[in-house]
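Proteins get letters first, then strands, A, B, ... in listed order; numbering begins at 1 in each. The model shown is predicted, which means the values in this text are computed figures rather than measured ones. All values below were derived from every heavy atom in this structure, side-chain atoms included, with hydrogens, water molecules and symmetry-related copies excluded.
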There are 2 protein chains.
Amino acid sequence: MQKISNTFFYQLEKTVKTYRQYFQAQMKTHGFDITLDQWLILNTILDYPNASQTEIAEKVFKDKASITRIIELLIKNEYLTREGHPTHGRMFQFQLTPKGLKTIEQLNQLVPKFRENALAGTASENIEVSQSLMQIIVENCKRE
Amino acid sequence: MQKISNTFFYQLEKTVKTYRQYFQAQMKTHGFDITLDQWLILNTILDYPNASQTEIAEKVFKDKASITRIIELLIKNEYLTREGHPTHGRMFQFQLTPKGLKTIEQLNQLVPKFRENALAGTASENIEVSQSLMQIIVENCKRE
DNA sequence: ATATTTTTGTTGATATATCAACAACCTGAT
DNA sequence: ATCAGGTTGTTGATATATCAACAAAAATAT
């Protein structure tokens with residue numbers, strides 16, 4: 001069998017982990033007390049203010065259970081509040097606190113730079129090729 | 001800011017997760033009672049029989065602590081045994097049990113097919129382009 | 001209007017990731 | 001021989017992933 005370390009999927013995992021570590025380290029350096037995943041959820045709530053937790057889960061391809069727990073932490077750490085939905089007794093409506101909003105605004109200045117740094121020295125057409133390739137893989141894996 | 005869902009790193013995470021789910025589901029379908037990560041560690045021990053846990057951790061870019069716990073489970077589930085190292089009082093030597101060996105042998109027939117299925121309909125030069133791209137990203141992230 | 005099914009979110013159990021602190025051991029310098 | 005510093009593996013705390021079971025509410029069918 002092909003050496004695992006030469007496979008595409010090995011490299012994929014390695015890249016995700018390395019980028020996550022870089023991202024998290026940068027957050028810490030810049031004084032943020034929030035995880036990559038918490039940032040992702042806050043951001044998704046801002047982009048889709050009326051999404052249910054289930055919809056948020058789909059958008060970030062996480063489990064509903066993970067969303068429940070990440071949101072729990074965001075509320076505990078005062079980045080987010082939630083209220084019962086006016087008409088749907090099972091859903092919630094979310095609102096970023098001032099602290100949450102400020103954090104996102106600051107991070108949205110920084111995050112594009114993280115991406116640029118990570119992608120430095122790469123050709124944009126190669127990035128596009130890779131994205132298309134990954135889309136095919138996702139389709140293949142979902143089909144089977 | 002660019003919509004997160006269009007970014008390269010979003011696609012990267014999505015692809016890793018989807019492939020992991022596919023892999024894990026296939027394992028279950030074929031009657032294996034082992035996780036992707038456990039398979040990865042077993043395989044690494046076979047490839048590098050004299051590696052220390054720290055070295056294994058580096059090879060699979062996991063934390064030493066994760067390796068301790070995954071190995072603990074592999075031993076508990078009787079895929080692996082370990083003994084103290086003859087000369088180094090702090091290290092261990094590992095040995096797959098017959099059950100472990102059989103599992104790996106069977107999986108090493110299957111896993112290449114998982115990869116082929118996931119990569120179906122993709123051009124090999126695009127795979128190579130993507131791998132090179134990811135290598136650059138890893139270097140960029142480690143440097144900073 | 002009632003029964004059935006679906007949707008929505010929570011919880012428990014288990015596996016893994018990450019960070020920090022730690023103990024035991026090893027090595028090298030003095 | 002001793003001491004300082006590095007290595008190796010473990011443990012605790014916390015965050016997340018995944019699966020399954022579940023309860024409450026909503027939507028649909030009859």
### Query
How long is the line joining CD1 of Ile71(B) and P of dA15(C), in whole Å?
15 Å
### Message
Categorize Asp63(B) for me: base, sugar-phosphate, or nothing, with a 4.0 angstrom heavy-atom threshold over every strand shown.
### Response
base
### Task
Return yes if the base of dT18(D) and the side-chain atoms of Arg69(A) contain a donor-acceptor N/O pair under 3.5 Å, otherwise no.
yes
### Message
Can you tell me how the ring of His30(A) sits relative to the ring of Phe114(A), calling it parallel under 30°, perpendicular over 60° and tilted otherwise?
### Response
tilted
### Query
Between dA17(D) and Lys62(A), is there an OP1 or OP2 to side-chain N/O distance shorter than 4.0 Å?
yes
### Query
What are the two closest non-hydrogen atoms of Thr68(A) and Gln53(A), and how far apart are they?
OG1-NE2, 3.5 Å
### Task
Indicate, with a heavy-atom threshold strictly under 4.0 Å, whether Ile67(B) touches base, sugar-phosphate, or nothing.
nothing
### Task
Tell me what Gln38(B) touches on the nucleic acid: a base, only sugar-phosphate, or nothing, going by heavy atoms under 4.0 Å.
sugar-phosphate
### Task
Rounded to the nearest angstrom, tell me the gap between atom CZ in Arg20(A) and atom C1' in dT18(C).
11 Å
### Task
Looking at every strand, decide which applies to Ser66(B) at a 4.0 Å heavy-atom threshold: base, sugar-phosphate, or nothing.
base
### Test ring pair (Phe, Tyr, Trp, His ring centres under 6.0 Å) applied to Tyr19(B) and Phe61(A), Tyr10(A), Phe8(A), Phe9(A), the passing residue
Phe9(A)
### Task
Could you check Arg82(B) against Phe61(A) and say which one's nearest nucleotide on DNA chain D is further toward the 5' end?
Arg82(B)
### Message
What is the distance, to the nearest angstrom, from the NZ atom on Lys17(B) to the C1' atom on dC19(D)?
### Response
14 Å
### Task
Give a yes/no answer on whether the side chain of Gln53(A) brings an N or O atom under 4.0 Å of OP1 or OP2 in dT10(C).
yes
### Task
May I ask you to say what Leu73(A) touches in the nucleic acid, namely base, sugar-phosphate or nothing, with a heavy-atom cut-off under 4.0 Å?
sugar-phosphate
### Query
In whole Å, what is the span from the CD atom of Glu83(B) to the P atom of dG9(D)?
15 Å
### Query
What is the minimum heavy-atom distance between Lys142(A) and Thr18(B), and which atoms define it?
CG-CG2, 4.0 Å
### Query
Does Thr54(A) put a side-chain nitrogen or oxygen below 4.0 Å from OP1 or OP2 of dT7(C)?
no
### Message
Using 0.5 Å steps for rounding, measure from the NZ atom of Lys62(B) to the CD1 atom of Ile67(B).
### Response
6.5 Å
### Spacing between Met27(B) atom CE and dC19(D) atom P, to the nearest angstrom
12 Å
### Query
What integer distance in Å separates His88(A):NE2 from dT6(C):P?
15 Å
### Residue-phosphate contact under 4.0 Å: Ser52(B) side-chain N/O, dG9(D) OP1/OP2
yes
### Task
Could you check how far CH2 of Trp39(A) sits from C1' of dA15(D), rounded to whole Å?
18 Å
### Message
I'd like to know if Asp47(B) pairs up with Lys59(B) as an ion pair, taking the criterion as any Lys NZ or Arg NE/NH1/NH2 lying under 4.0 Å from an Asp or Glu carboxylate oxygen.
### Response
no
### Message
From C-beta outward on Lys28(B), which listed nucleotide comes closest to its side chain: dT18(D), dA20(D), dG9(C)?
### Response
dA20(D)
### Query
Is any side-chain N or O of Thr35(B) closer than 4.0 Å to OP1 or OP2 of dT16(C)?
yes
### Message
Pick the closest DNA chain C nucleotide for Phe92(A) and for Asn77(B) by heavy atoms, then say which residue is nearer the 5' end.
### Response
Phe92(A)
### Task
Look at all strands and tell whether Thr68(A) reaches a base, only sugar-phosphate, or nothing, counting heavy atoms closer than 4.0 Å.
base
### Among dT18(C), dG9(D), dA26(D), the one nearest Met91(B) by side-chain distance
dG9(D)
### Task
Can you tell me the distance, in whole Å, between the CD atom of Glu13(B) and the P atom of dA17(C)?
13 Å
### Task
Would you indicate, yes or no, if dT8(D) has its OP1 or OP2 atom less than 4.0 angstrom from a side-chain nitrogen or oxygen of Lys64(B)?
no
